[in-house]
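A short write-up of the structure that comes next.
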Amino acid sequence: MKVPFLDLHSQYLEIKDEIQAAFDDILRRTAFISGKYVERFEKEFGEAIQVGFCLATSSGTDALHMATWALGLGPGDEVLVPVNTFIATAEAVSFTGARPVFVDHDPETYNIDVAKIEESITPKTKAIIPVHLYGQPANMEAIAEIARWRNLIIIEDACQAHLARFNGTTVGNFGRAAVFSFFPGKNLGAYGDAGAVVTNDQTLYEKMRRIRVHGGVEKDVHEMIGHNYRMSEFQAAVLSVKLPHLRRWTARRQQVAEMYRRLLSGIEGVTLPSVLDGAEHVYHLFVIRVPAERRDAFRSYLAENGIATGLQYRIPIHLQKAYAHLNYRRGDFPVAERSCNEVVSLPMCPMLKDSQVEYVCEKTRSFFSS
Ligand SMILES: *Cc1c(COP(=O)(O)O)cnc(C)c1O
């Protein structure tokens, strides 16, 4: 049996006719940028996550940068960022000239360790970017409390957490702004790079709208220096076709996760991810931990049996060469430094069949019982 890590082809076959019709329409009208598909997707996505304003962007990275820029972060400011995330979260801070200050993660949920936030705050700390990693909301109750008390701006990195909820509220509504990625492999994926930034703050929305197109919404009028962060009509069309299926696909991810939990429980050597009280996990990834010294052999064994796995994230950001100038040392974030050698991402996507999930669990069990 073959079990791909992510099966985008089967998903495409489900929606092929609708995609083709939308693409034909765009080609016939030769309207490729900022047209009706982008406008429609912004409205639909904003409604799906129940947020006031939504701006479609060229990628999740660009959406993050628009938010940090529009919120006025810059040289001299410090921004708290979990050390266990994709590097784009930190880059968005660096691009503004501000300094990312890393915070270790909670060993059980992989999200920012709220107990370690306070000790990282200095008089220069202006903002915090909680990441809802692997699809699980960070502890937004605790983070909002600290942010209120310490007067910090919250920017949610929800790039892996479309439709996830915390205490009943959809992520994207907990900060001044939140960003989503529609990279093809994300829970809602385009057919190329795409992203969105959302907010409930109209002034911030207007500013980000200007930043998105060279500092002005009216052609040839530039009120400020901006950039080009627009989404293509083709990507917006793909996303609008996919969005009505997202709830069903998310429910299937959650079902697959429940099967993994049931069928992998009690295996010595396998630690399952835990879910925080109040958090609805949308399982962008299903990440388990195995003993570091057996990880390579485990992944090879699964590969020999036709099962693809992933590693997120192999090198914590503070040990990346790109951030050497911040002078962090090995030992600064012991939880992340340990988990990066132990994590394994199992196949996760809505197209997985029960028989494939059972097969992955069976092979995992047989590896650890030998
Ligand atoms: C994917 C991702 C991003 C960046 O999104 P792109 O669309 O790839 O630019 C940022 N943060 C996190 C946590 C991500 O997973």
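First listed ligand is number 1; within each ligand, the first listed atom is number 1. When a residue number appears, it is its place in the shown sequence, counting from 1.
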Assess the side chains of E156 and H132: does a donor N or O sit below 3.5 Å from an acceptor N or O?
yes
Is it true that R252 and D354 make a salt bridge, defined as a side-chain N closer than 4.0 Å to a carboxylate O?
yes
Geometric class of the H318/Y328 ring pair [parallel <30°, tilted 30-60°, perpendicular >60°]
perpendicular
According to the interplanar angle, ranging from 0 to 90°, do the rings of Y283 and H281 count as parallel (below 30°), tilted (30 to 60°) or perpendicular (above 60°)?
parallel
Considering residues, nucleotides and ligands other than E206, do more than 12 of their heavy atoms fall under 6.0 Å from its CD?
yes
Enumerate the pairs of nitrogen or oxygen atoms, one from ligand 1 and one from the protein, separated by less than 3.5 angstrom; state names and distance to 0.1 Å.
from, atom 1, to, atom 2, distance (Å)
ligand 1, 5 (O), S181, OG, 3.2
ligand 1, 7 (O), G60, N, 2.8
ligand 1, 7 (O), S181, OG, 2.6
ligand 1, 9 (O), G60, N, 3.3
ligand 1, 9 (O), T61, N, 2.8
ligand 1, 9 (O), T61, OG1, 2.5
ligand 1, 11 (N), D157, OD1, 3.4
ligand 1, 11 (N), D157, OD2, 2.8
ligand 1, 15 (O), Q160, NE2, 2.8
ligand 1, 15 (O), K186, NZ, 3.0

With E108 via salt bridge (Lys or Arg N to Asp or Glu O under 4.0 Å) - residues at least two apart:
none
